[in-house]
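When a ligand or atom number is given, it counts from 1 through the structure's own listing order. Note that the coordinates shown come from a computational prediction; the quantities given were computed from them, not determined experimentally.
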Amino acid sequence: MSGEIGKRLAEVQARIRAAAARSGRAPDAVRLVAVSKTVPVARIQEALAAGVTILGENRVQEARDKIRLLPGATWHLIGHLQTNKARLAVGLFALIHSLDSLRLAEELDRHGAQAGKTVRCLVEVNVGGEAQKSGLPAAEVPRLLAAARRLPALSIEGLMAIPPFHPDPEAVRPYFRALRELRERLARDGFALPELSMGMSHDFEAAVEEGATMVRVGTAIFGERNAEG
Ligand SMILES: *Cc1c(COP(=O)(O)O)cnc(C)c1O
């Protein structure tokens, strides 16, 4: 617990609790997904020993190799998922943050049904309308949710977003707010989506203040990545 990762983790956890308190939310209303992409297994083990319970990976194959070595942890997929890896992903992840098309929803449902399990996922929304980013435009989310109602092995539990990068978290805050407001509009239309996955190392406090139920934090726990994840 006294290692470098343990210290950083404790700091991140304290900042999450403080941000939750500032916005009048319970400290346990926010779960921390420790993003371990490109991080070697030994360092992930250190994080687990220090109290991390959920790990986030953005590539299916990289995650598969790590999960073999660390089978006790809970793993989330936070990166784009190709339909041809849907079966593998269903077997590996407790939650998929990156559902972004009806075709992928149908594949996940099919493989979930075959495996006899419910596939839990979040819809990734392209809140910045950036052409190069994955995620569904906000206007298309209701149609996906309506179509997914006939997919019994799929459970859509919330929304996820990766807003445009800006070093100043206050410049990112409007995107977090937009995701929460989208959830409120969808709730009025009968779609209950409790989870909001938003906020990364440099802006997770603003995300928590705007209602994040999950933050995805890599660098602030594990340090800088050398390879681009
Ligand atoms: C890499 C990544 C993160 C974590 O980024 P940091 O800035 O290192 O905290 C969060 N979400 C997604 C989707 C990522 O790919």
| Ser197/His97 under side-chain hydrogen bond (donor to acceptor under 3.5 Å, both in side chains): CA gap, chis, key distance, verdict | CA-CA 8 Å; Ser197 166; His97 291 228; 2.9 Å; yes
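- Close approach to Thr219 involves these atoms of ligand 1, each under 4.0 Å from a residue heavy atom: 6 (P), 7 (O), 8 (O), 9 (O).
- Electrostatic pairing of Arg173 and Glu209 counts as a salt bridge here, judged by a charged N lying under 4.0 Å from a carboxylate O.
- Under a 3.5 Å cut-off, the side chain of Arg183 and the backbone N or O of Gly158 do not form any donor-acceptor pair.
- Less than 4.0 angstrom separates some heavy atom of Lys37 from each of these atoms of ligand 1: 1 (C), 2 (C), 3 (C), 14 (C), 15 (O).
- The pair Arg8-Glu4 meets the salt-bridge criterion, with a side-chain N (NZ, NE, NH1 or NH2) lying under 4.0 Å from an Asp/Glu carboxylate O.
- Interface atoms of ligand 1 facing Gly218, defined by a heavy-atom separation under 4.0 Å, are 4 (C), 6 (P), 8 (O), 9 (O).
- Residue-ligand proximity, Arg216 to ligand 1, at heavy-atom distances under 4.0 Å covers atoms 4 (C), 9 (O), 10 (C), 11 (N), 12 (C), 13 (C).
- Contact between His202 and ligand 1 is absent, with no heavy atom of the residue lying under 4.0 Å from the ligand.
- To the nearest 0.5 Å, atom CG of residue Leu55 and atom CG of residue Leu77 are 13.0 Å apart.
- Ligand-side atoms of ligand 1 in range of Val217: 9 (O), range being under 4.0 angstrom from any heavy atom.
- The contact set between ligand 1 and Ile162, taken as ligand atoms under 4.0 Å from a residue heavy atom, comprises 13 (C).
- In this structure, a donor-acceptor pair under 3.5 Å is present between the side chains of Thr213 and Glu195.
- Between the choices Ala161, Ser201, Ser98, Gly223, the shortest heavy-atom distance to atom 6 (P) of ligand 1 belongs to Ser201.
- Without hydrogens or angle criteria, Lys117 side chain to Val90 main chain gives a donor-acceptor distance under 3.5 Å.
- Inclusion of Ile78 in the set of residues having an N or O under 3.5 Å from an N or O of ligand 1 is not warranted.
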